[in-house]
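Proteins get letters first, then strands, A, B, ... in listed order; numbering begins at 1 in each. The shown structure was predicted, so the numbers you read here are calculated from the model rather than taken from an experiment.
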Amino acid sequence: MAKQLLLIDGNSIVFRAFFAMHNQIDKFTNKDGLHTAAIYGFKLMLDHVLENFHPDAALVAFDAGKVTFRTKMYADYKGGRNKTPEELTEQFPYVRELVRDSGLHTYELKDYEADDIIGTLAKEGDEAGYETLIVTGDRDLTQLASNHTTVAVTHKGVTDTEHYTPEHVKEKLGITPTQIIDMKALMGDSSDNYPGVTKIGEKTAIKLVKQFGSVEGIYENIDQLKKSKMKEHLVEEEAIARQCKTLATILRDAPIDIKLADLNYNGPQTEKLIDFYQKMDFRSFLKKLDVLSDEQEVEIAPIKYTELTANNLELVSQLGDRGSFYLEMPDANYHTSPFAGFVIGNGKQWLVSRDSELLKTKQVREWLADSAIKKDVFNAKAQIVGLNRLGIELKGIDFDLLLASYLLNTNDNSNDLGKLAQEHEYADVQTDEEVYGKGVKRAIPNDEIFFKHLANKARAIEKLRSSLFKQLDENEQLPLYTDIELPLAHVLAKMEITGVHVNAQTLKDMGSKLTERLAEIKEQIYQEAGEEFNVNSTKQLGQILFEKLKLPVIKKTKTGYSTAVDVLEKLAPQAPIVENILQYRQISKLQSTYIKGLLKVIHSSDQKIHTRYLQTLTQTGRLSSVDPNLQNIPVRLPEGRQIRRAFVPSYDGWQIFSSDYSQVELRVLAHITGDHNLQEDFKNGEDIHASTARRIFHLKPEERIDRDMRRRAKAVNFGIVYGISDYGLAQRIHVSRSQAHEFIQSYFKEFPKVKDYIHDTIEFARKNGYVETITHRRRYLPDINAKNFSRRSFAERTAMNTPIQGSAADIIKIAMIRMQDELEKHHLKAKMLLQIHDELVFEAPKEEISVLSRLVPDVMDSAVKLAVPLKVDSKYGDTWYDLKK
DNA sequence: TCGTTCACG
DNA sequence: ACGTACGTGAACGAT
């Protein structure tokens, strides 16, 4: 077998590793305060590569400095780059140390870049019969791909790579690897800061290279090009194009003073690596080495536990004033999941059992219900609901690992305790999948393994408490945790336990009518199509519409023809079948998701639906609702709205009551931007879309605002909140892109501080890597500095949207906590049932409706003090459908 | 398991 | 030249 050569582009991988882990930058520091994320990421990459590739020779090349022969030739080369952050530069010496301890050679050469070293050695490798793998974060190196050299470019993160062979390059770009140089010469490279030829981008560059072979080929045959602007640019900028080609070309003959023979790879120097890991506090890598040397099973620090039985319950009372508690419910739905066992305890003693009946004993029950004993848990809400099913109260919750972890970083949040602990650099607990298995094989294991796992979980919660609290404090998030999210978990638990009464018969009656209608429409569709097919299949439907009936294709998806509503609406005038398909879709959605779906989840014991609110999922701080989702019950279309007739109060003589915030997101926008005009409009109680229309269309006071103007202004308002683009706005309100552009400009002129806010927020995100809401809820945006345009743009839109959507979420959460307090304080029978982002739904005895009509809006509009008033509207009725003012 | 579609704020 | 408004969940067919 051919010898194998590994060449790693040190600088680009270090950069990649650093930015890939940028959102956790503070988590990766050693005890001396050294940042270690890039070092850690580099090692991840290295291990990953060496798993699949076993080199005989290996080298990591680094840049020797900023000055190279390229900067001497072209002063602006790589100009305009941001200064490398200090947190990164300090890591380079350690990366080199790591590389050498790992048994790889390092090399750098004055005046040359790492690329050139790699290019030169790869060529030598090719000639000496090596199979070479180049690993880099820089796509430019793909020009080095050959029959015996593969270039692995990191894709996202550091271990996910895309392998470029000449075939792969051909497939992706249609050219050879060396032609990539010509392509880049023509199109330029904004990150290396050389221009290429004006107006030539990737598409045009590839076309030219395919046609003429190379930059030189183009100029030899320039006469063949028809007269055009492009030709003029090419002719005028010939010198630039040729110079860019030199800049883009990686050297294959740099004057290096090492030889392949010097680069033997003989594996890592384990002793040194262990020292290094200790210096860096890389616990997980240390664990891995232990596994290798000690066979197995030392993975997790040993733990002692005691099985709790009816005969040693006094141990619970002896635990003291703090302890972890964890009730294992193996199904995600804790309203119905069996109880597999529990653990209770602290560093002194871990008590475990499979018998949930023991929880009902006096000793345990009192321990759980004693608010003076602080409890550390994972997912407080689930624990409260689970225990409630056993008739047990859980009081004194102090630390919720899941909740705290979510607040620290919404991105890498997991519902699995083991995974989450690992995210926080705690390795002494496995994931449920590792212990219980997955799919059909998932099962609770024998006592020994199961009890140990439970004890490990409880210990992990305890061990992580102080560090997570400390991080919350550093982020100024303690009040968010203590005063909002943790109390909210209790409120949500109550709402979930209460549930919503749903009349199954109403749904069944609606269902049978819909079944009939569906059958009729389906018949008509088959007639019009001339054959029977599965209308639910977008693939089959596409074939019927666009191939058989030859309707024009308006939009395509990755997999074929798009048949989405906006497309079908455009086609509707051309063929009657389309209208029927739209009808069919609408009704079958109601039938499958809402009639059948809801009937499936009504609990037979109480005729209620008990949703679960996910408190630790969304990136903005909103809740979400599952099993079932009660936050998307139809309301917009009259047919769908009927579903709400089935949502009824739990008792005779009760009614449904609902209050919602009016325009809460735009009010938040007015508040956080400080925009004078926007604030005035709200303070004056204006119809905000109408007043926006008046401003952006420059209407005189006496001119009236027609419906269409208001509609457009409303779309602009939405657009602003979502991160507007002229294209997006144009699509939505059916105007030209340039008109949409004008609307936006006009908006920014009228509301100048909104424009400033967008700019400042994006700047803040670039600098800090995150954005935050009025309560310091954070969202990290790792893509905010991405090179890829669309990823970066997306991050920019979320940067400006998240503080708005998230602050609105904060506001209603505060209102919910206060509302629950008020209900209890006033001894009201009314129950809070649902939260739908800006709306709270209650059930209450008729006598209490007048109380709620004052109380709920009072609580909601005073939840926080903003620079503009909050407005709340209320309605009530006999069912959720019948709500009226 | 993924992609598409469509329900909501 | 890019590729298009933010945040969700469920059902279904295709793979």
Expected string for nucleotides 10-15 of chain C under the B/S/- scheme (protein heavy atoms, under 4.0 Å, primed atoms plus P, OP1, OP2 as sugar-phosphate) is SSSSSS
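Within 4.0 Å (heavy atoms only), A:R779 reaches sugar-phosphate atoms of the nucleic acid but no base atom. Backbone-only engagement by A:S562 is indicated by non-hydrogen atom pairs under 4.0 Å involving sugar-phosphate atoms exclusively. Among the atoms of the strands shown, none is found under 4.0 Å from any heavy atom of A:E665. Heavy atoms of A:S793 sit nowhere under 4.0 angstrom from any nucleic acid atom. Across all strands, A:I200 comes closer than 4.0 Å to no nucleic acid atom at all (heavy-atom distances). When heavy atoms are screened at a 4.0 angstrom cut-off, A:R585 is found touching the sugar-phosphate backbone but no base atom. Nucleic acid contact class of A:L623 (heavy atoms, under 4.0 Å, all strands): none. Residue A:R797 is classed as a sugar-phosphate contact, given heavy-atom separations below 4.0 Å to backbone atoms only. Residue A:S725 is classed as a base contact, given a heavy-atom separation below 4.0 Å to a base. A:T802 comes within 4.0 angstrom of nothing in the nucleic acid, heavy atoms only. Using a 4.0 Å heavy-atom criterion, one finds that A:L590 contacts no nucleic acid atom at all. Residue A:A799 is classed as having no contact, given no heavy-atom separation below 4.0 Å to the nucleic acid.
To the nearest angstrom, P of B:dG9 lies 11 Å from NZ of A:K714. Here the C1' atom of nucleotide C:dA5 and the CD1 atom of A:I724 are 8 Å apart, to the nearest Å.
With both pairing distances under 3.5 Å, C:dC2 is matched to nothing as a Watson-Crick or G-U wobble pair.
Of the possible polar contacts, one joining the A:T692 side chain to the A:I688 backbone as a donor-acceptor pair under 3.5 Å is found. Listed for the A:T673 side chain is no donor-acceptor partner under 3.5 Å among the backbone atoms of A:V754. Using a distance-only test at 3.5 Å, with no hydrogens or angles considered, no donor-acceptor pair links the side chain of A:R778 to the main chain of A:E772.
For the pair A:R737 and A:Y727, the NZ or CZ position fails the cation-pi test of under 6.0 Å to the six-membered ring centre and within 45 degrees of the ring normal. A cation-pi contact, defined as under 6.0 Å to the ring centre and within 45° of the axis, links A:R612 to A:Y334.
With both ends at atom C1', the span from B:dA7 to C:dG3 equals 26 Å, rounded to whole Å. To the nearest whole angstrom, the two C1' atoms, one in C:dC2 and one in B:dT5, are 27 Å apart. The P atoms of B:dC6 and C:dA1 are separated by 33 Å, rounded to the nearest whole Å.
Residue side chain A:Y722 meets the stacking definition with respect to C:dC6: its ring centre sits within less than 5.5 angstrom of the base's six-membered ring centre, and the planes differ by less than 30 degrees.
Heavy atoms of other residues, nucleotides or ligands lying less than 6.0 angstrom from NE2 of A:H603 number more than 12.
Not counting sequence neighbours, the partners of A:S874 by the side-chain hydrogen bond (donor to acceptor under 3.5 Å, both in side chains) test are A:S659.
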